[in-house]
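Just the heavy atoms: all of them, side chains too, but no hydrogens, waters or symmetry mates, feed the values below. Quick caveat, the model's predicted, so the values are computed rather than measured.
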Protein chains: 2
Amino acid sequence: MGRPREFDTEKAIARAMRLFWSQGYEGTSLTDLTEELGITRPSLYAAFGSKEALFLKALDLYETRAGYREAALAAPTAYAYAQALLEGAADLHGDKNNPPGCLGVQGALACAPQSNSIREELARRRRVGEATIRDRLKRAKIEGDLPAGADPADLARYLSIVIYGITVQAAGGATRKELQSVAKLALQNWPRASNLKRKRDA
Amino acid sequence: MGRPREFDTEKAIARAMRLFWSQGYEGTSLTDLTEELGITRPSLYAAFGSKEALFLKALDLYETRAGYREAALAAPTAYAYAQALLEGAADLHGDKNNPPGCLGVQGALACAPQSNSIREELARRRRVGEATIRDRLKRAKIEGDLPAGADPADLARYLSIVIYGITVQAAGGATRKELQSVAKLALQNWPRASNLKRKRDA
DNA sequence: ATTATTCTCTACCGATCAGTACGGAATTGT
DNA sequence: ACAATTCCGTACTGATCGGTAGAGAATAAT
């Protein structure tokens, strides 16, 4: 009942996401948001509650849109998984249709103390992302897909930092091709059980 | 002539550096600065000109303090250079006495449009940093210190993104030990001419 | 001692920040 | 038609933003 909303909240979140993605949480003002979304402040607050709540909704959308992390989980081997992750990151952040960089990194890497809750939420999500990688690699090790000496925690950290680095370089204007070449390089000495097995078999 | 300044500008810049390092450019207000530096606004402006100018001075100081990049240039081989860079980054950003992260990355990775000059200056300095690495690796290649197939530009990009990734992970609270282990991992498949030579000799 | 210079201080500037009070307009169920 | 409900637009709140005017205090050269 009552008057129906005149704008599409999903599309509004998508537009807000791009804005936060470009300018970060603190760098995006309510005026920026209302102008980009084409709505007024009271409408924004009625629909989303607060700037912070809108940011979190935008972040959720970002994580589904930047879905290469989840898609990579379908890869059959640890190597294919690592490859899917790194190439996915290079593809996403090398796409000139997207804002440069990663919302999860540059949304609020450093910020004023009053935005600390956002900074901590982003750090928390990064930890979750790394934990997901670690779990996948643990499984790979159990499945004999990683050499005995390989530490899933270390490898997950390694993949994470390469992805972060790719996003930082993308924020500085790197091309997709450059990001792809670095992804390839980072994969070159990925520990493959198949290599070991081949050595053992030989 | 005239009344002498009552505070030490060098110490003030050092304090400002730590503040910008923790909170980024936009996240650090003039009130934060004057309180931390123990001076008033007009004193700050008389001494440094503007918030932006003070940030740039702080950035210069940061680059000399975080001197592992320059120190690494003294390493005799490409491998030793890469090792010095990555271990230097892990040491610096794993030091709990320093603010977490890297001023050059989180100072203004994403920001409001009115701070774009700062964002671009940081991106420019990151490019210079990478160019320095690239030049050192080019020399290494000429000196036969890298295999024929290795591309100094790609390797420089790789080292850069690993360093960036380390800083992002440090910003999220990683320990020095964790950063050191990832630096070690990133070095494991560094292309060494000595390896190739050994292969060739064999 | 005087004068010029430069600092430091209080108090302020206009602009912008995130967030909201309130009245009128539009749509619902009855 | 009517009442209830919800939305939208104008206009505002107090707080904070970066930056500064102007006066007084301290030091230098003369």
Side-chain angles (χ1 to χ4, degrees), chain A residues 1-13 15-17 19-20 22-59 107-108 110-121, chain B residues 1-13 15-17 19-20 22-59 107-108 110-121:
Chain A
M1 61 182 87
R3 182 176 171 179
R5 190 169 281 128
E6 288 182 2
F7 62 95
D8 183 331
T9 57
E10 294 303 314
K11 285 182 185 168
I13 293 173
R15 282 172 173 270
M17 176 192 71
L19 213 45
F20 283 127
S22 306
Q23 306 184 1
Y25 177 71
E26 287 188 329
T28 305
S29 70
L30 279 181
T31 303
D32 292 336
L33 288 165
T34 55
E35 284 179 359
E36 172 69 22
L37 274 55
I39 64 176
T40 61
R41 279 157 189 261
S43 298
L44 190 150
Y45 275 83
F48 306 112
S50 69
K51 180 186 175 185
E52 182 167 339
L54 175 57
F55 179 81
L56 294 178
K57 286 201 167 84
L59 188 55
C111 61
Q114 58 262 35
S115 302
N116 265 344
S117 62
I118 295 290
R119 185 178 56 79
E120 286 167 6
E121 172 66 15
Chain B
M1 59 181 89
R3 179 176 171 180
R5 188 167 284 128
E6 289 182 1
F7 64 95
D8 183 330
T9 59
E10 295 302 315
K11 284 182 185 168
I13 293 173
R15 282 172 171 268
M17 176 192 71
L19 214 45
F20 283 128
S22 307
Q23 306 186 2
Y25 176 71
E26 288 188 328
T28 306
S29 71
L30 279 179
T31 302
D32 291 336
L33 287 165
T34 54
E35 283 180 358
E36 171 69 23
L37 274 56
I39 63 177
T40 62
R41 279 155 186 261
S43 297
L44 188 152
Y45 275 81
F48 306 111
S50 68
K51 181 187 175 184
E52 180 167 341
L54 175 55
F55 179 81
L56 293 177
K57 286 202 167 87
L59 188 55
C111 61
Q114 58 262 32
S115 303
N116 264 344
S117 63
I118 295 291
R119 185 178 56 80
E120 286 167 7
E121 172 66 15

Residue-phosphate contact under 4.0 Å: Y45(B) side-chain N/O, dT20(D) OP1/OP2: no
Under 4.0 angstrom between S50(B) side-chain N/O and dG18(D) OP1 or OP2: no
Which residue lies more 5' along DNA chain C, comparing Q114(B) with L44(B) via nearest heavy atoms: L44(B)
4.5 Å side-chain heavy-atom contact, L37(A) and K11(A): no
Aromatic ring pairing F20(A)/Y25(A), orientation class (parallel under 30°, perpendicular over 60°, tilted between): parallel
Pair of N/O donor and acceptor under 3.5 Å linking dG18(D) base with R41(B) side chain: yes
Between C1' of dC7(C) and CZ of F48(B), the distance in whole Å: 14 Å
Atom pair distance, as rounded to whole Å: CG in L37(B) and P in dC9(C): 13 Å
Side-chain N or O of S43(A) closer than 4.0 Å to phosphate OP1/OP2 of dC7(D): no
Sugar-phosphate only, base, or nothing, as touched by T28(A) at under 4.0 Å among non-hydrogen atoms: sugar-phosphate
Whichever of R5(A) and E6(B) has its nearest DNA chain D nucleotide further upstream toward 5': R5(A)
Side-chain N or O of T31(A) closer than 4.0 Å to phosphate OP1/OP2 of dT16(C): no
Length of the CD-C1' vector between Q23(A) and dC17(C), whole Å: 15 Å
Atom-to-atom span, CZ of R3(A) to P of dA3(D) - whole angstrom: 20 Å
Sugar-phosphate only, base, or nothing, as touched by S29(B) at under 4.0 Å among non-hydrogen atoms: sugar-phosphate
Shortest non-hydrogen contact from A108(A) toward I118(A): CB-CG2, 3.8 Å
Separation of atom NZ in K51(B) from atom C1' in dT16(D), rounded to whole Å: 12 Å
Rounded interatomic separation in angstrom, taking CD1 from I39(A) and P from dT6(D): 18 Å
Residue mapping more 5' on DNA chain C - nearest nucleotide basis, D32(A) or G49(A): D32(A)
Sugar-phosphate only, base, or nothing, as touched by P42(B) at under 4.0 Å among non-hydrogen atoms: base
Atom-pair distance (CG on L30(A); C1' on dT16(D)), nearest Å: 14 Å
L54(B) to L44(B) - nearest heavy-atom pair and separation: CD2-CD1, 4.1 Å
Whole-Å distance separating the OH atom of Y25(A) from the P atom of dC17(C): 13 Å
Beyond-backbone contact of T31(A) with R41(A), side-chain heavy atoms, under 4.5 angstrom: yes
